Amino acid sequence: MAKITKLDEIVSLCKRRGFIFQSSEIYGGLASCYDYGPLGVELKNNVKKAWWKSVVQMRDDVVGLDCSILMHPMIWKASGHADKFADLIAECKKCNTRTRVDHLKEKDAPQADEHTEHIAIDEAAAKAQDLSNKLCPNCGVVGQFTEPMPFKLMFETQMGANVDDSMTMHLRPETAQGIFANFRNVLDTTRVTIPFGIAQIGKSFRNEVTTKAFIFRTREFEQAELEFFCEPGTDEKWFDHWKQARFDWYLELGIKKENLHFRVHDSDELAHYAKGCVDVEYKFPFGSGDWQELEGIANRTDYDLRQHQRGMRTLNKWYENDRELTNIELVDEAEDYHKGPLSYFDVEDKKRYIPYVIEPSAGIDRSALAFLVDAYDEEEVRGDTRNVLRFHPALAPVKAAVFPLVKKDGMPEIATNIYNDLKKYFNCFYDQKGAVGRRYRRQDEAGTPFCLTVDGQTKEDNTVTVRERDSMEQTRISADQLLSYMREKLDI
RNA sequence: GCGGGCGUAGCUCAGUGGUAGAGCGUCACGUUGCCAACGUGAAUGUCGUGAGUUCAAAUCUCAUCGCCCGCUCCA
C-alpha cells in the first residue's frame, strides 16, 4: 500500500532535518524562494551529479558547458523570449479572473481553436484595445475587462554601475540559449561531430504569474538541459532515444514506476518551433495528487540556430537603435541560411546543414522534491512509527554513519579511525551520543543507507556491524574490507 | 490577482482580554551494550510583522508579510 504523503509532512520533515528552509525566514520569508540546508544541499548536489554522470560522463557524444547567467540582450531577441516572455493580461471585472489577452475569445466564435501564440507586447497592445466583444472564460460575461496589463516574465537588471549609461539586461529564463550561443565554439574546439550534445546545469529565472507548491514552481530555479544536435531526418530517432533515456534515469534512481509517466503534448499545445514534445511527469502529492512535469523533452528542430543566425545579422540595427530591443525587428533569414555561421559541415556527405535539436530539459529542484517525496516512508516497527527516506545510495546525502556502540572501552577511538578513513571516499557522519537505536532512527530520517557500529567484538576480531537502512538487517564485516564492501554496496 | 484556510518553542499543536504552555525533538550528566529505553537536569518564544482599541492584547480591529488548498497563469 502506497502511503499518501501530504505535502505538509514533507515540508515539515525538510525543515526539521535541515533539507529545505524558507528563504529570508527571519524577515518573514520571501515568497517563492527557498534555501537548501545541510542535508538538502547534499541531496541536490547528488541529483546534479547523477544527471551529469548519466548525460555527460557516461557518454561519448555529449560534452558539458557552464554559461554565464547574463547574456547579450540580442540573445533574447533572437530566441524570441524578449517578445514572447511579455504577456498582456486582462482581468474580468465581474469575477476577477485574469486571462492572457491573446487567449481571450470572441463571443461569437467560441470554437476559435487556432493555437494562440504569445504576441509581442507592442503589437498586442494595439490589437488589444477592443475587448468589448471578448468572453471571460471563467464566468462567461462579455466585455467586462480591465485595461490589459503587461506581465514581464523575464527578470530585468542593470549592467554597469553608472546609472546613466547602464544597460538593461535579463536574467536567463532558460539555460538553453547559452548552449546555442556556444555551438560554434564547441564545434571548433572539441572535435565533436554530429550527432552530439552539449549539456549544462544552472540557475534560471522566470517571473511566473503564480508560484506553486513549495519548491515545485519557483521564480529562481535550477535546470539541467541538454541540447542534442543531430542531422535532420534523424531527429525522430534521437527524440525517442532521449525520451527513453531520461525516463529510465528517474527509475534507476529509485522513483517508483507507478508515480512516473509520459504526457505527450497536443499539437495545439506545442511551442511554435517545436515538432514534438513530451513531458516526464511525477505524481506529486499536491492537493488532489496531480501529475506534474519534471522534465520536458522537445524536438526544437533547427529553429534556435536559425534564429541566432538572424540575430547575428541584426546586431548593427540594435546599435543603431540605441541598444533598445523593442524598436527592432530581426532581419529576414538569408536564402542560403543552411550555409550560415551556425551550420554544420558533414565531411562524409560533403554537405552543410543546420542541425536539428532534441532538448531534454529537467528541473533540478522539482526532481529533488520528487526524489524526496518518493523516498519518504513511514512504517510500523514494534508499535513505533519509523520515518525513513529510502534514497538511492547515489542520492543519499550521507552514505554511511559511523557509531561506537557505547562511549567507552576504546570504541569511540576505533570508530573515529574508521570514520576518518572512509570520509576520504564518500560523505560520512560520526555520532557517539545517546542510545544506538536512536542514532539509527535519526539516520533513517536523513536517508543514510548504512550505519557502521563498532562494538565489543570489534576489539577481538576486528569486525564491525553494518546495519542496512531499508531492512534494518545487520551484517558483520571485517574492518579491513569495509571500504571495498561499502564501495560495492554504494556503487561508487 | 480572486476565493477559502492557516501563522504560538526546531517539529506537531493547546491556549477567546488578565503571569507563555504540552508532547516530541535538542543539549548535559548518569545509566545502558544493537533499533526513537530509563533517570536527573538544562536551553530554546519579535505568539509572522506593524499600527489601533483597552488599565491590560497571543486573544478584538485594520493593514501587511508568508504558507497551504481551489481558480487563474505556467516557452
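These figures come from a predicted structure and were not determined experimentally. Naming: A, B, ... by sequence-line order, numbering from 1 per chain.
Judged as a side-chain contact (heavy atoms from CB on, under 4.5 Å), and not counting sequence neighbours, the contacts of A:Val264 are A:Val278. Remark: A:Gln474 engages no residue in a side-chain hydrogen bond (donor to acceptor under 3.5 Å, both in side chains) (not counting sequence neighbours). Partners of A:Ser68 by side-chain contact (heavy atoms from CB on, under 4.5 Å), not counting sequence neighbours, listed by chain and number: A:Met71. By the side-chain hydrogen bond (donor to acceptor under 3.5 Å, both in side chains) test, A:Glu333 pairs with A:Arg306, sequence neighbours left out. Annotation: side-chain hydrogen bond (donor to acceptor under 3.5 Å, both in side chains) contacts of A:Lys399 (sequence neighbours excluded): none. Partners of A:Asn427 according to the side-chain contact (heavy atoms from CB on, under 4.5 Å) rule, which considers only residues two or more places apart in sequence or in another chain, are A:Glu42, A:Val398. In this view, A:Thr301 and A:Lys275, A:Asn299, A:Tyr303, A:Tyr356 satisfy the side-chain contact (heavy atoms from CB on, under 4.5 Å) rule, not counting sequence neighbours.
The C1' atoms of B:U59 and B:G18 are separated by 11 Å, rounded to the nearest whole Å. Comparing B:A57 with B:G48, their C1' atoms are spaced 16 Å from each other, to the whole Å.
If you check every strand for non-hydrogen atoms under 4.0 Å, A:Val406 touches a base. Base engagement by A:Asp455 is indicated by at least one non-hydrogen atom pair under 4.0 Å involving a base atom. Across all strands, A:Ser361 comes closer than 4.0 Å to no nucleic acid atom at all (heavy-atom distances). A:Glu25 comes within 4.0 angstrom of nothing in the nucleic acid, heavy atoms only.
Regarding contacts with the backbone of B:C11, a side-chain N or O of A:Lys15 is found under 4.0 angstrom from either OP1 or OP2.
The side chain of A:Lys433 lies closest to B:C27 when the candidates are B:C27, B:U32, B:C34.
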Sequence neighbours excluded and cut-off under 3.5 Å, please list the side-chain donor-acceptor pairs for residues 408-415 of chain A, or say none.
none

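Scanning atom types as modelled, no donor and acceptor separated by under 3.5 angstrom connect the side chain of A:Asp8 and the base of B:C68.
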What's touching nucleotides 62-65 of chain B from the protein side, N or O pairs under 3.5 Å?
from	atom 1	to	atom 2	distance (Å)
B:C65	O2'	A:Gly28	O	3.4

Anything under 3.5 Å between a protein N or O and an N or O of nucleotides 20-25 of chain B, put it in a table, one pair a line.
none

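With a cut-off of 3.5 Å on both pairing distances, B:U44 has no Watson-Crick or G-U wobble partner at all. The nucleotide B:G39 finds its pairing partner in B:C29, both defining distances of the Watson-Crick or G-U wobble pair being shorter than 3.5 Å.
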Exercise for the section: Evaluate the criterion side chain to side chain contact (heavy atoms under 4.5 Å, CB included) for residue pair A:Lys489 and A:Val466; output intermediate values, then yes/no. Expected result: CA-CA 11 Å; A:Lys489 285 279 184 186; A:Val466 177; over 6 Å; no

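Within the structure, ring pair (Phe, Tyr, Trp, His ring centres under 6.0 Å) pairs that include any residue of residues 9-30 of chain A do not occur (at least two apart or interchain).
The minimum heavy-atom distance between A:Arg310 and A:Val331, with the atom names listed, is NE-O, 2.8 Å.
For the segment residues 460-469 of chain A, the set of residues with a heavy atom within less than 4.0 Å of an atom of RNA chain B comprises A:Thr465, A:Arg467, in numerical order.
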